[in-house]
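One structure is given here, and the rest of the page talks about it.
The structure displayed is predicted, hence computed values, not measured ones.
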Amino acid sequence: MDVYFPLSKRSRTSASGEKFEQKKPSIEFLPDECLFEIFRWLSGGRERSSCACVSKRWLILVSNICKYEIRDNNIIHALNPKDESTNKKEGIVSEVEHNDVDSDGYFTRNLEGKKATDGGLAAIAVGTASRGGLGKLFIRGSNSWNRVTTVGLRAISRGCPSLRVLSLWNLSSIGDEGLCEIANGCHRLVTLDLCHCPAVTDKSLLAIAKGCPKLNDLTIESCANVGNEGLLALACCCPNLKSVSIKNCPLVGDQGVASLLSSASYSLTKLKLQALNITDEMFSVIGHYGKSVTDLSLTSLPNVSDKGFWIMGNSQGLQKLKSFTIASCLGLTDRGLEAVGKGCVNLKQFYIFKCDLLSDKGLVSFAKVAGSLESLQLEDCHRITQIGLFCSLLNCSAKLKVISLVNCLGVMDLTTGLPPLSPCESLQSLSIRNCPGFSDSSLAVMGKLCPQLQHVELRGLHGITDAGFIQLLKSCNAGLVKVNLKDCVNLSDKGVCRLTNLHRWTLETLNLDGCKISDASLFAIAENCRLLGDLDVSRCAITDSGIAALAHSDLINVQILSVSGCSMVSDKSLPSLRNLGKTLLGLNLQQCKAISRSAIDLLVQQLWRCNI
């Protein structure tokens with residue numbers, strides 16, 4: 001539209017003789033309502049974007065225009081009729097033709113820290129509206145002096161109806177009004193993530209439930225004012241929920257979570273509950289209505305007792321459960337664990353963390369009944385001993401492939417009282433980390449029990465020496481592929497040389513960080529390991545001679561090399577490292593004090609494709 005302003009006049013003289021000049025007319029003097037009406041007549045996305053660049057005021061106004069509020073160009077032609085052929089001759093093309101009718105939401109935007117402002121959200125709303133639409137929006141930790149408020153979310157709700165994923169983290173300024181705006185304008189929303197948003201209450205979830213019925217992924221964490229009422233509304237209006245994660249919400253109890261489970265019993269596949277005031281009754285609901293749940297995580301639930309786990313397991317509802325995590329639940333006992341094993345017949349991955357009442361008896365009983373188990377991880381379970389570990393391997397399913405023990409202080413060398421050993425042929429991966437009582441004799445027994453090992457991780461085990469490690473190497477018939485010996489301070493060149501000799505045809509990854517090795521190990525690696533691609537010899541007593549041996553070997557093609565903290569590697573290794581650079585993709589030279597800064601700069605220039 002053309003806006004008419006009269007020409008500015010010359011300066012006038014008042015009755016008292018004082019001269020004054022008439023102010024030049026400007027569109028800025030128009031109120032917001034008039035400007036908004038003018039901007040509605042701009043049907044082209046390019047024109048609206050140009051206006052939004054004029055000032056923050058114009059940006060906010062343009063971003064608040066909904067798609068249905070934009071005037072059609074047909075009305076413009078009716079007001080200013082012109083032959084369409086004439087328009088084409090003059091190069092005037094209606095931009096309605098170029099505007100996307102259905103915005104599918106192709107764009108993803110992430111605002112963090114200082115960038116998370118209302119102006120930033122308004123710019124996103126205007127910039128993406130005519131170019132395919134905004135599909136995913138992540139806002140993290142707005143700053144305290146210029147925060148995201150309802151104004152910014154209103155701009156998103158009006159300009160981005162195609163929004164499908166919204167994640168709000170650490171936003172104390174966002175409350176119910178802002179989320180109600182999202183619910184009113186973003187009806188395609190399927191994923192909502194609210195973390196550390198203390199001003200959000202049940203009112204927000206009520207609005208989301210009514211406005212976003214397609215919601216299928218919900219995460220609520222540390223929202224102190226969200227309770228059962230909001231979850232009940234979601235249960236009524238969003239029956240297709242597939243993933244629910246609720247953490248550290250003190251007002252959430254049995255009623256709210258139970259309503260979600262019961263309404264979405266045939267669609268919910270992933271459930272995570274942490275630090276909530278739920279009781280044994282809730283576990284009964286999980287066991288009965290979790291018919292489609294495949295991934296379940298239960299963490300820090302102090303009000304749940306052994307009875308809850310027993311009821312959940314015996315309800316026989318978790319038939320499709322494949323991955324199960326139980327962490328910091330004091331209510332888990334041997335009886336409850338056995339019931340879980342019987343009830344979850346298709347369980348493949350099981351992770352137990354910090355369950356102090358769990359003992360060898362429960363672990364062995366679980367191993368006997370968990371016929372589909374493929375991976376078992378135990379961490380900070382101090383009542384589990386060596387007997388429980390070995391007996392579990394003897395009684396486990398034929399599908400068990402991975403076993404991991406982390407910081408289990410009860411695992412010690414006890415070779416007496418063990419039953420006759422029969423090998424567990426299915427186990428391929430063994431990880432023992434920071435278990436100070438695990439030493440050579442335990443390692444020798446593990447070698448006999450697990451002859452098909454391919455991945456071995458022995459981290460922080462000061463009781464492991466060359467003698468025990470060599471016994472393990474002799475028992476591994478399948479050939480070791482990945483070996484991690486980080487911080488095994490009593491392992492020396494003898495054990496490494498035997499490793500490279502016995503498993504030269506299969507070894508691909510080797511971590512010797514902190515081991516008591518020298519150049520002799522690098523000589524053996526250079527002579528034998530044809531397939532080695534990842535080598536870590538950080539904090540080892542290697543020198544320039546060892547690096548040179550690797551560089552001159554025609555067998556190995558190392559792609560990742562770490563010599564961090566090797567104080568005897570100096571600038572003399574520069575030619576060798578340059579030669580290794582033909583295959584290197586990653587090189588770690590941190591804390592190599594004998595290598596000068598100029599040498600590193602030169603390497604960076606020469607090995608341009610290598611991440612140094």
Side-chain angles (χ1 to χ4, degrees), residues 443 447 453-458 464-589 592 594-595 603 607 610:
L443 194 59
L453 285 177
Q454 297 180 20
H455 303 164
V456 172
E457 182 180 21
L458 307 172
I464 299 296
T465 66
D466 294 329
F469 184 56
I470 291 174
Q471 290 296 320
L472 176 69
L473 296 177
K474 291 180 179 179
S475 303
C476 296
N477 301 326
L480 292 176
V481 178
K482 295 181 180 181
V483 177
N484 188 344
L485 304 172
K486 183 178 180 180
D487 290 327
C488 290
V489 295
N490 291 314
L491 275 177
S492 67
D493 293 326
K494 183 179 178 181
V496 177
C497 291
R498 199 62 182 273
L499 168 65
T500 59
N501 185 31
L502 293 175
H503 301 275
R504 65 174 74 184
W505 300 107
T506 57
L507 192 62
E508 297 178 1
T509 301
L510 179 58
N511 189 340
L512 301 172
D513 185 359
C515 295
K516 191 170 58 176
I517 66 166
S518 63
D519 289 337
S521 294
L522 293 187
F523 294 154
I525 291 171
E527 292 175 3
N528 297 305
C529 300
R530 297 173 178 268
L531 299 179
L532 190 67
D534 190 335
L535 176 61
D536 190 342
V537 288
S538 302
R539 299 182 296 143
C540 295
I542 62 171
T543 67
D544 297 325
S545 300
I547 302 296
L550 292 177
H552 293 113
S553 173
D554 295 329
L555 297 178
I556 65 171
N557 294 294
V558 177
Q559 296 181 340
I560 306 295
L561 176 62
S562 177
V563 293
S564 173
C566 297
S567 57
M568 290 186 286
V569 176
S570 66
D571 288 351
K572 294 180 180 179
S573 293
L574 190 63
S576 300
L577 293 173
R578 190 185 307 117
N579 191 28
L580 287 170
K582 297 176 182 178
T583 59
L584 278 180
L585 299 178
L587 177 60
N588 186 359
L589 298 174
C592 293
I595 299 181
L603 274 177
L607 307 182
C610 178

Q | Audit row: Arg539, Asp487, side chain to side chain contact (heavy atoms under 4.5 Å, CB included) steps and yes/no | A | CA-CA 10 Å; Arg539 299 182 296 143; Asp487 290 327; 2.7 Å; yes

Q: Taking the side chain as every heavy atom from C-beta outward, state whether Leu535 and Ile556 have any pair of such atoms under 4.5 Å apart.
A: no

(Q) Does Leu580 form a side chain to side chain contact (heavy atoms under 4.5 Å, CB included) with Leu587? I'd like the steps, not just the answer. (A) CA-CA 10 Å; Leu580 287 170; Leu587 177 60; over 6 Å; no

Q: For residues Ser576 and Ala551, report the shortest heavy-atom separation together with the two atoms involved.
A: O-CB, 3.5 Å

**Q.** Val569 and Leu589, any side-chain heavy atoms less than 4.5 Å apart
**A.** no

(Q) Quick check for you: to the nearest 0.5 Å, what is the distance between Lys572 atom NZ and Thr543 atom OG1? (A) 10.0 Å

Q.
With no hydrogens and no angle check, just 3.5 Å: does a side-chain donor-acceptor pair link Ser570 and Asp544?
A. yes

Q) So, Asp536 side chain and Asp513 main chain: donor-acceptor pair closer than 3.5 Å or not? A) no

(Q) Evaluate Gln454 against His503 for side chain to side chain contact (heavy atoms under 4.5 Å, CB included), listing each step before the verdict. (A) CA-CA 10 Å; Gln454 297 180 20; His503 301 275; over 6 Å; no

(Q) I need the Leu584 CG to Leu577 CG distance, nearest 0.5 Å. (A) 7.5 Å

Q. Of all heavy-atom pairs between Cys476 and Leu453, which one has the smallest distance, and what is that distance?
A. SG-CB, 4.0 Å

Q: Taking atom types as modelled, find out whether Asn557 and Thr583 have a side-chain donor-acceptor pair closer than 3.5 angstrom.
A: no

Q.
Would Ile595 and Leu603 count as a side chain to side chain contact (heavy atoms under 4.5 Å, CB included) here? Give the steps.
A. CA-CA 11 Å; Ile595 299 181; Leu603 274 177; 5.9 Å; no

Q. Does any non-hydrogen side-chain atom of His455 lie less than 4.5 Å from one of Asn484?
A. no

In a table with atom names and distances, give each donor-acceptor pair under 3.5 Å that connects a side chain of residues 527-534 to protein atoms at least two apart or in another chain.
residue: Asn528; atom: ND2; partner: Ala524; partner atom: O; Å: 2.9

Q. If you take all heavy atoms of Gly447 and Leu472, which pair is closest and at what distance?
A. CA-CD1, 3.5 Å

(Q) Minimum heavy-atom separation for Cys497 and Thr500, please, with both atom names. (A) O-OG1, 2.8 Å

Q) Do you know the tightest heavy-atom contact between Cys592 and Gly565? A) SG-N, 4.0 Å

Q. Where do Ala594 and Ser567 come nearest, in terms of heavy atoms and distance?
A. CB-O, 3.5 Å

(Q) Measuring from atom CD of Gln471 to atom OG1 of Thr465, what distance do you get when rounded to the nearest 0.5 angstrom? (A) 10.0 Å

(Q) Taking side-chain contact (heavy atoms from CB on, under 4.5 Å) as the criterion, tell me which of Leu510, Ile517, Val558, Leu555 meets it with Ile525. (A) Leu510

Q. If you measure from CG on Leu485 to CD on Glu457, what distance do you get to the nearest 0.5 Å?
A. 9.5 Å

Q: Check the surroundings of atom CG in Asp554: do more than 12 heavy atoms from other residues, nucleotides or ligands lie under 6.0 Å from it?
A: no

Q. Distance from Ser538 atom OG to Leu512 atom CG, nearest 0.5 Å?
A. 9.5 Å

Q. Distance from Asp466 atom CG to Leu491 atom CG, nearest 0.5 Å?
A. 5.5 Å

Q. Between the side chain of Asp493 and the main-chain N/O of Ser518, is any donor-acceptor distance below 3.5 Å?
A. yes

Q.
Would the distance check show the side chain of Ser553 and the main-chain N or O of Leu550 forming a donor-acceptor pair, the cut-off being under 3.5 Å?
A. no

